[in-house]
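What follows is a short report on a single structure.
The model shown is predicted, which means the values in this text are computed figures rather than measured ones. Below, each value reflects all heavy atoms present in this structure, side chains not excepted, and no hydrogens, waters or symmetry copies. Naming convention: chains lettered A, B, ... in sequence-line order (proteins, then strands); numbering from 1 in each chain.
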Amino acid sequence: MLDLQTLRNDIQDVAAKLKERRNFVMDVDTFVSLESARKSIQSDTEQLQAKRNSISKDIGLAKKNGDDQKASDLMKAVGEFADQLKINEEKLSGIQSEIRDLLSGIPNLPHDSAPIGKTEEDNVEVKKVGAPRSYDFEPIDHVDIGEHLGALDFERATKITGSRFAVMLGGVARLHRAIAQYMLDIHTQRHGYTEIYTPYLVNADSLFGTGQLPKFEEDLFSIPISDEQSFYLIPTAEVPVTNLYRGEILTAEQLPTKFVCHTPCFRSEAGSYGRDTRGMIRQHQFDKVELVQFSHPDNSYEQLETLTGHAESILIDLDIPFRTVTLCTGDMGFSSAKTYDIEVWLPGQNAYREISSCSNFEAFQARRMQTRFRVGKGKTEFVHTLNGSGLAVGRTLIAVLENYQLKDGSVEVPQVLQSYMGGMELIEPS
RNA sequence: GGAGAGGUGGCAGAGUGGUUGAAUGUGGCGGUCUCGAAAACCGUUGUACGUGCAAACGUACCGAGGGUUCGAAUCCCUCUCUCUCCGCCA
């Protein structure tokens, strides 16, 4: 959510920036007319409320003094504007919720350092680490590797549930677990994150807080629990972890607070039919190790750099080539002010594919969640929130399988993961 | 799942229709005293929004949302959470 005061003061400026950078057309006229209506109705309403409150106090006093005549005269006086007050109050709350609805559908303003562009073609590469290795055979993709190993079973997953699910077996299932364990250990021990375990089902308020609702409900799996309430399967650990401090006021000393959380993620992938239908790239369910930070506004951009570095370090340790790009303004998520994507090299696709997305949301989520901090006894201020995948476990598994494949169809276990695999150095066909 | 009891300020805990944004205690902050500290005493101590250059004034908020009333922390309804007992269960 953008700052309402800023919108009131600089609506044209904000609208121009949103158009230029996000190709988002803001309904300025509606906003301006709602605001001016709000202003006059609120002022009228509060004046009437003040009048009613003061007369009501006098009624109390009159009754206390036994002056029933005066009391009933005063009650009559209130009656003269009671209807008007009620109408005003209803109008006001209607307008306020319209303003809120409008506001909650406006995406975040990109940071000045985010490159302006429309599609992923306009993303800017900032870093390229490691060179794709050369193979003396034609590298195959993880689906074929999994098949050779007898360790990936998409058909049975489809039978059990449906398309876009996977079953992993034996060494590959263990490798998947090892990758998650390894990432958690690195981020807690080397990078100072606190491990956190959270619910996988969240309520609508939490999804509003991080920006998935109200606009992107079709991307979520929901579970109705009563006529008026649903729980939602988390699309990312960002949702429960960031909402940890929803509605709370932190102290400045608590910043930055850093959490790492391993969860499954559930996405309906509506609107992506036909894309990445082969293999594990795009699933309804996948595991992810997520990094979340609550930061002081003054250094959230430095924190974004270090957080991105934390995610990259996993690929460096695994010795898998990757590149990091700054997303252009047109390719960024709704809530983000700046995003780096880390793209891992997949020999089976002969391409770099997204494995992590690291974003600074500035106060956009904090404002929706009402997460603030206080300096000493001073005024409260919104925190900045950041998060990044560190990394997507399923895609890391794919990257390991494809980058470490051997000619005979077996797969080497990366050095750093061997201790998590009971010393196993090679995954062979079962 | 059944029965009962409750959600009040950082915390504890009063308050069942009328100057109650809320007693009292405690914690926090400022001060007096002291070489300093403790103790004691005095003062202060929530959030958000609106109008305003500001000072200030006003409005809303006692789990959430509705309702009754001139007036609601207090009465009514719905939801939610916590606790106790029973049942079930990893």
With a 3.5 Å limit on both atom pairs, tell me what [N] is paired to, counting Watson-Crick and G-U wobble, or say none.
N     : result
B:G43 : B:C29
B:A54 : none
B:U84 : B:A3
B:C62 : none
B:G17 : none

Given the [atom1] atoms of [N] and [M], what is the spacing between them in whole Å?
N     : M     : atom1 : answer
B:G25 : B:C83 : P     : 31 Å
B:U8  : B:C62 : P     : 12 Å
B:G9  : B:U44 : C1'   : 15 Å

Round to a whole Å and report the spacing from [atom1] of [X] to [atom2] of [N].
X        : N     : atom1 : atom2 : value
A:Glu381 : B:A48 : CD    : P     : 12 Å
A:Ile99  : B:A48 : CD1   : P     : 19 Å
A:Ile59  : B:G17 : CD1   : P     : 18 Å
A:Gln84  : B:C70 : CD    : P     : 17 Å
A:Met75  : B:G17 : CE    : P     : 17 Å
A:Leu74  : B:G71 : CG    : C1'   : 12 Å
A:Lys57  : B:C70 : NZ    : C1'   : 14 Å
A:Asp205 : B:C79 : CG    : P     : 18 Å

Using a cut-off of less than 4.0 Å, is there contact between a side-chain N or O of [X] and OP1 or OP2 of [N]?
X        : N     : result
A:Asn53  : B:U59 : yes
A:Arg374 : B:G46 : no
A:Arg372 : B:G46 : no
A:Asn203 : B:U80 : no
A:Thr380 : B:A48 : yes
A:Arg52  : B:U69 : no

Please tabulate, for the side chains in residues 83-90 of chain A, all donor-acceptor contacts under 3.5 angstrom to protein atoms that are two or more places apart in sequence or on a different chain.
unit_1  : atom_1 : unit_2  : atom_2 : d
A:Gln84 : NE2    : A:Asn88 : OD1    : 3.2
A:Glu89 : OE2    : A:Gln49 : NE2    : 2.9

N/O donor-acceptor pair under 3.5 Å between A:His176 side chain and A:Val393 backbone: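 Not at all, since once roles are kept as given, no pair shorter than 3.5 Å links the two residues.
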Donor-acceptor under 3.5 Å (A:Ser356 side chain, A:Ser389 main chain):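 Present.
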Validation row, ring centre A:Phe334 to ring centre A:Phe216 under 6.0 Å: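 Yes, the ring of A:Phe334 comes within the 6.0 Å limit of the ring of A:Phe216, centre to centre.
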Side-chain donor-acceptor pair present, A:Lys338, A:Thr326, cut-off under 3.5 Å: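 No donor-acceptor contact under 3.5 Å links the two side chains.
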5′-ward residue of the pair A:Ser54/A:Gln96 relative to RNA chain B: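 Here A:Gln96 is the residue nearer the 5' end.
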Parallel, tilted or perpendicular: ring planes of A:His191 versus A:His187, cut at 30 and 60 degrees: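 Rings of A:His191 and A:His187: tilted, 30 to 60°.
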